[in-house]
Protein chains: 2
Amino acid sequence: MLLLGAASTLVDGIHEGVRARGFTDLRPAHGFAFVRLAPDGATVAELADHLGVTKQAASQTADELVRKGYVERRPHPTDARARLLVLTARGWACTRAADESAEEVLRAWADALGPDQLAGVRAALSRLAVPGRIRPTW
Amino acid sequence: MLLLGAASTLVDGIHEGVRARGFTDLRPAHGFAFVRLAPDGATVAELADHLGVTKQAASQTADELVRKGYVERRPHPTDARARLLVLTARGWACTRAADESAEEVLRAWADALGPDQLAGVRAALSRLAVPGRIRPTW
DNA sequence: ACTATTTAGTCAAGCTGCTTGACTAAATTT
DNA sequence: AAATTTAGTCAAGCAGCTTGACTAAATAGT
């Protein structure tokens, strides 16, 4: 319960910070998509794999992000079937907002725990096997 | 991401252990209901509050658990409007299975981390403010 | 005391995010 | 050059949740 509560607090805290920075039309689930798209973009299939959903569902999520101006569909450089989903300027701005928000939450935790204990938690969790996919829906 | 991954691993691990013990008709969300019902039962409204959903949704969950034989609806001892949801023998058996399964996961983590480091994580998380409600759906 | 309001629970309808199934076009394998 | 696989979309359906409306019991107001 402690672990689940902490995870909830983290997700909700980041979400709240992102909202406070003006991105009010996104839900936490979109953040997980941004994580995959941020570095160099990704295809719908890659996004689906990352989110642990079908490619149809991932395509719908992508549609929504395109419609709201966070993502752009570009032709794929090497595969004419595929399309590369990449962040727009707005998408990058939102990503930065999420990073700042996450830092705020972690700073609060560092204040409560001390930096050493927080680093200890991080080190411990990193030693546990963690699934590549994030499936937040139970 | 480490925290979310660990939470996912924990939930999925417990769920898998419960399934392996023969309770194949439940999802992790039901486990959160059991947590609230286990000690002395609860009303639909209390369950709704615990799960962070409307009482209509909690009532549907209760219906399902009744239909599957895990929960019983009894008249409330002091309030004729309310009905007390209590676990059946099968419900208690499932609760025990979940406890065993959780112990297994934690034992695996203790093997990976050492008992001291695991206890440290537990102590650190307990110092962070944790919401009473578990909202697993992002 | 008796009226007014709140509270516990259910019924009904609707929405959202996901699923399965079917399909086209491009890439890859044989 | 044909057969198969892969990327993506369209369409329909489902599960779990929501809002809204209602009944009956408890509680509050005067």
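Throughout, protein chains are lettered first and strands after them, A, B, ... in sequence-line order, and every chain is numbered starting at 1.
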Fill in: Phosphate OP1/OP2 of C:dT19 contacted by A:Thr54 side-chain N/O (<4.0 Å)
yes
Worksheet item: Can you tell me if the side-chain N/O atoms of B:Arg27 get under 4.0 Å from OP1 or OP2 in D:dA15?
Response: no
Worksheet entry | Whole angstrom value for the distance that separates C1' of D:dG8 from CG of A:Leu85 | 11 Å
Practice prompt. From the options A:Val44, A:Thr43, A:Asp49, select the one residue that forms a side chain to side chain contact (heavy atoms under 4.5 Å, CB included) with A:Glu46.
Written response: A:Thr43
Item to complete: Determine the contact category for A:Thr43: base if any of its heavy atoms lies under 4.0 Å from a base atom, sugar-phosphate if only primed atoms, P, OP1 or OP2 are that close, otherwise nothing.
Response: sugar-phosphate
Worksheet, complete the sentence: In this structure, CZ of A:Arg122 is separated from CZ of A:Arg127 (nearest 0.5 Å) by 15.5 Å
Fill in: Inter-residue atom distance B:Leu85.CG - B:Asp40.CG, 0.5 Å rounding
13.0 Å
Practice prompt. Tell me whether the OP1 or OP2 atom of D:dA7 has a side-chain N or O from A:Arg73 closer than 4.0 Å.
Written response: no
Worksheet, complete the sentence: Here the distance between atom P of D:dT6 and atom CD of A:Glu46, to the nearest Å, is 14 Å
Discussion item. Would you say A:Val18 ends up clustered with A:Val11 if hydrophobic residues are merged whenever their side chains have heavy atoms under 4.5 Å apart, either directly or through other cluster members?
Written reply: yes
Item to complete: Would you sort out whether B:Arg107 and B:Glu104 count as a side chain to side chain contact (heavy atoms under 4.5 Å, CB included), showing the intermediate values?
Response: CA-CA 5 Å; B:Arg107 198 176 313 132; B:Glu104 272 186 10; 4.1 Å; yes
Worksheet item: Looking at five pairs on each end of the helix from C:dA1-D:dT30 to C:dT30-D:dA1, what is the angle between the two axes, given to 10 degrees?
Response: 30°
Item to complete: May I ask whether A:Val66 and A:Val86 are part of the same hydrophobic cluster, defined by side-chain heavy atoms of I, L, V, M, F, W, Y residues being less than 4.5 angstrom apart, directly or through others?
Response: no
Worksheet entry | For atom CG of B:Asp63 and atom C1' of C:dA8, their distance in whole Å | 15 Å
Fill in: Atom-to-atom span, CG of A:Leu47 to P of D:dT6 - whole angstrom
19 Å
Item to complete: May I ask you to evaluate whether B:Ser59 reaches the phosphate of C:dG9, defined as a side-chain N or O under 4.0 Å from OP1 or OP2?
Response: no
Discussion item. In whole Å, I'd like the distance from the NE2 atom of B:His76 to the C1' atom of D:dA25.
Written reply: 13 Å
Worksheet item: When the ring planes of B:Phe23 and B:Tyr70 are compared, do they come out parallel, tilted or perpendicular, using 30° and 60° as the limits?
Response: tilted
Worksheet item: From B:Leu37 CG over to B:His50 NE2, what is the distance, rounded to the nearest 0.5 angstrom?
Response: 8.0 Å
Worksheet item: Hey, does B:Ala45 reach any base, or is it just sugar-phosphate, or nothing, if we go heavy atoms under 4.0 Å?
Response: sugar-phosphate
Worksheet item: How many Å lie between CZ on B:Arg83 and P on C:dT10, as a whole number?
Response: 6 Å
Worksheet item: In B/S/- notation, 5' to 3', how is nucleotides 22-30 of chain C contacted by protein heavy atoms closer than 4.0 Å?
Response: ----BS---
Practice prompt. Please name all residues satisfying side-chain hydrogen bond (donor to acceptor under 3.5 Å, both in side chains) with A:Glu64, sequence neighbours left out, ordered by chain then number.
Written response: A:His30, A:Lys68
Worksheet item: Could you state the CG-C1' distance from A:Leu51 to C:dC18, rounded to the nearest angstrom?
Response: 12 Å
Practice prompt. Whole angstrom is fine here: how far is it from CD in A:Gln60 over to P in C:dC15?
Written response: 16 Å
